[in-house]
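Below is one structure, written out as structure tokens; comments come after it.
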Amino acid sequence: MRLNEVSFTGPPPIDGYGPGFFRIAGEVLHGPRLIGPEVNLEWDGVSAAQALALAGRVDLVLLGLGAEITAPPAELLEELEAAGLAVEFMATPPACRTYNVLLGEGRRIGAALLPVT
């Protein structure tokens with residue numbers, strides 16, 4: 001098997017995550033996060049207002065909903081989609097992995113992530 005190292009240009013990848021935190025660009029950040037091109041913010045976890053900072057910067061927002069997949073608030077989805085953001089929701093671990101894969105492919109990707117507990 002041949003392994004190729006992936007280099008990231010632009011937004012940093014998610015290095016890791018754990019109970020209540022994310023490691024992004026080597027920095028441990030606690031609580032929900034909103035990340036994308038030129039965006040790395042603490043997120044309140046339910047409001048679309050902050051997530052709208054990704055509008056026009058990304059083609060897809062991955063919504064990580066914690067350790068288990070749950071249905072996101074309908075209002076959140078409606079506001080993001082009304083702003084022209086495509087949204088995929090899943091549990092946070094696969095959202096982090098998917099974010100890194102798409103980032104490595106050079107895609108315009110963003111993520112709104114609730115930490116695992």
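Everything numeric here is computed off the predicted structure, so don't read it as measured data. Reckoned from all heavy atoms, side chains included, excluding hydrogens, waters and symmetry mates.
Counting all heavy atoms, side chain and backbone alike, Ala53 lies closest to Val39 at O-CG2, 4.2 Å. The two residues Pro12 and Ile24 come nearest to each other via the heavy atoms CG-CG2, 3.8 Å. When all heavy atoms of Ala111 and Leu54 are compared, the closest pair comes out as N-CD1, 4.3 Å. The two residues Thr70 and Phe89 have their closest heavy-atom pair at O-CD1, 3.7 Å. Of all the heavy atoms in Ala83 and Ala55, the pair that sits closest is O-CB, 4.1 Å.
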### Task
Check step by step if side chain to side chain contact (heavy atoms under 4.5 Å, CB included) holds for Leu114 and Trp43.
CA-CA 8 Å; Leu114 297 176; Trp43 180 43; 4.0 Å; yes

### Residues Ile109, Val58; criterion side chain to side chain contact (heavy atoms under 4.5 Å, CB included); working and verdict
CA-CA 5 Å; Ile109 188 76; Val58 301; 5.7 Å; no

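Between the CG atom in Leu62 and the CZ atom in Arg97 there is a gap of 12.0 Å [rounded to 0.5 Å]. Of the inter-residue distances, the one linking Leu34 atom CG with Ser47 atom OG reads 10.0 Å to the nearest 0.5 angstrom. The structure places CD of Glu68 at 10.5 Å from OG1 of Thr92, a figure rounded to the nearest 0.5 Å. Taken from CG in Leu102 to CD in Glu88, the straight-line distance is 10.0 Å, to the nearest 0.5 Å.
Using a 4.5 Å cut-off between side-chain heavy atoms of Ile, Leu, Val, Met, Phe, Trp and Tyr, with links allowed through other members, Val61 and Leu52 fall into the same hydrophobic cluster. Hydrophobic clustering (ILVMFWY, side-chain heavy atoms < 4.5 Å, transitive): Leu103 and Leu60 are in one cluster. In the hydrophobic clustering of this structure, Ile35 groups with Met90; members are Ile, Leu, Val, Met, Phe, Trp, Tyr whose side-chain heavy atoms approach within less than 4.5 Å, directly or through other members. Using a 4.5 Å cut-off between side-chain heavy atoms of Ile, Leu, Val, Met, Phe, Trp and Tyr, with links allowed through other members, Leu80 and Leu41 fall into the same hydrophobic cluster.
One N or O on the side chain of Arg57 and one on the backbone of Pro37 form a donor-acceptor pair closer than 3.5 Å. A donor-acceptor distance shorter than 3.5 angstrom exists from the side chain of Gln50 to the backbone of Glu42, with no hydrogens or angles considered. Of the possible donor and acceptor atoms, one in the side chain of Asp15 sits under 3.5 Å from a partner among the backbone N and O of Ala25. The closest donor-acceptor contact from the side chain of Arg33 to the backbone of Leu29 lies at 3.5 Å or more, if one exists at all.
Heavy-atom neighbours of Glu75 CD from other residues, nucleotides or ligands within 6.0 Å: at or below the threshold of 12.
The shortest distance between side-chain heavy atoms of Tyr99 and Pro94 does not fall below 4.5 Å. Using a 4.5 Å heavy-atom threshold, the side chains of Leu63 and Leu76 count as touching. At least one side-chain heavy atom of Pro93 sits under 4.5 Å from a side-chain heavy atom of Tyr17. Looking at Leu113 and Pro32, their side chains never come closer than 4.5 Å, going by heavy atoms from C-beta outward.
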